[in-house]
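Values below: every heavy atom of this structure, side chains too, minus hydrogens, waters and symmetry copies. Each ligand, and each atom within it, is numbered from 1 in the order the structure gives. Predicted, not measured: the structure shown is a model, and the values here were computed from it.
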Amino acid sequence: MKRILILNGPNLNLLGTRQPEVYGTTTLADIEQMCADKAVAMGISVECRQSNHEGVLIDWIHEARGAFDGIIINAGAYTHTSIAIMDAVSSVEVPTLELHLSDIHTREEFRHISYVGRVAFDAIMGHGADGYPMAIERMVQHLG
Ligand code: CA2
């Protein structure tokens, strides 16, 4: 059975509670349930984790080596700043998919740069919460 680690970065714990016009009304707990349902439907296992701390996300990426077949990561604002997360992803050699609720390329210019995107095999963005099950499907397709 394929094992997928789904990582959510800073402020994503606030989903559904603030800025619904940008990020929607779905909570992170709702998204985690959507991922669990999708995993059952696809016959795989998923584990969802969220942290507001860059180092914690990096530790989890390191842990993924040998423990998970793929990583789906919405690194939040660290997407645009963190060379450390980029280096962690490339060091573990676990296939990694970039994920965002919004389309970062149609937002402010400072969101157009993605360090995660340099080491991910693909990106899914602009589909809101529905992007999470879509990302699981894309990862399963990639893993073959
Ligand atoms: O679109 C995405 O998924 C982002 O990764 C979300 C990040 C943002 O910095 C990235 O540029 C794109 C921000 C997540 C903040 O989440 C909030 C949720 C509710 C209220 C306020 C922020």
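Closest to atom 17 (C) of ligand 1 among all protein heavy atoms lies Asn11 O, 3.6 Å. From the protein, the heavy atom lying nearest to atom 5 (O) of ligand 1 is Asn74 OD1, 2.8 Å. The shortest contact between atom 6 (C) of ligand 1 and any protein heavy atom is with Tyr23 CE2, 3.6 Å. Given atom 11 (O) of ligand 1, the protein heavy atom at minimum distance is His80 NE2, 2.7 Å. The protein non-hydrogen atom at the shortest distance from atom 2 (C) of ligand 1 is Leu101 N, 3.4 Å. Of the protein's heavy atoms, Ser102 OG, 2.5 Å lies nearest to atom 1 (O) of ligand 1. Of the protein's heavy atoms, His100 ND1, 3.7 Å lies nearest to atom 4 (C) of ligand 1. Closest protein heavy atom to atom 14 (C) of ligand 1: Leu12 CD2, 3.8 Å.
Under the 4.5 Å side-chain heavy-atom criterion for Ile, Leu, Val, Met, Phe, Trp and Tyr, Ile44 and Leu99 are members of the same hydrophobic cluster. Hydrophobic clustering (ILVMFWY, side-chain heavy atoms < 4.5 Å, transitive): Tyr78 and Val94 are in one cluster. Linking ILVMFWY residues whenever their side-chain heavy atoms come closer than 4.5 Å, directly or via other members, leaves Leu12 and Leu7 in distinct clusters.
Heavy-atom contacts of Arg111 reach the following atoms of ligand 1: 8 (C), 9 (O), 10 (C), 11 (O) (cutoff under 4.0 Å). Shown in contact with Ala77 at under 4.0 Å from a heavy atom are these atoms of ligand 1, numbered in order with element: 9 (O).
In terms of N/O distances under 3.5 Å, ligand 1 is not approached by Gln19.
Using a 4.0 Å cut-off between a side-chain N of Lys or Arg and a carboxylate O of Asp or Glu, Lys2 and Asp69 do not qualify as a salt bridge. Ion pairing of Arg65 with Glu93 is present here, as a side-chain N (NZ or NE/NH1/NH2) and a carboxylate O approach within less than 4.0 Å. One finds no salt bridge joining Arg49 and Glu32 here, because no Lys/Arg side-chain nitrogen approaches an Asp/Glu carboxylate oxygen to under 4.0 Å.
Side chains of Trp60 and Glu47 form no contact here, defined as non-hydrogen atoms less than 4.5 Å apart.
Using modelled atom types, one finds no donor on one side chain facing an acceptor on the other under 3.5 Å when comparing Glu98 with Thr79.
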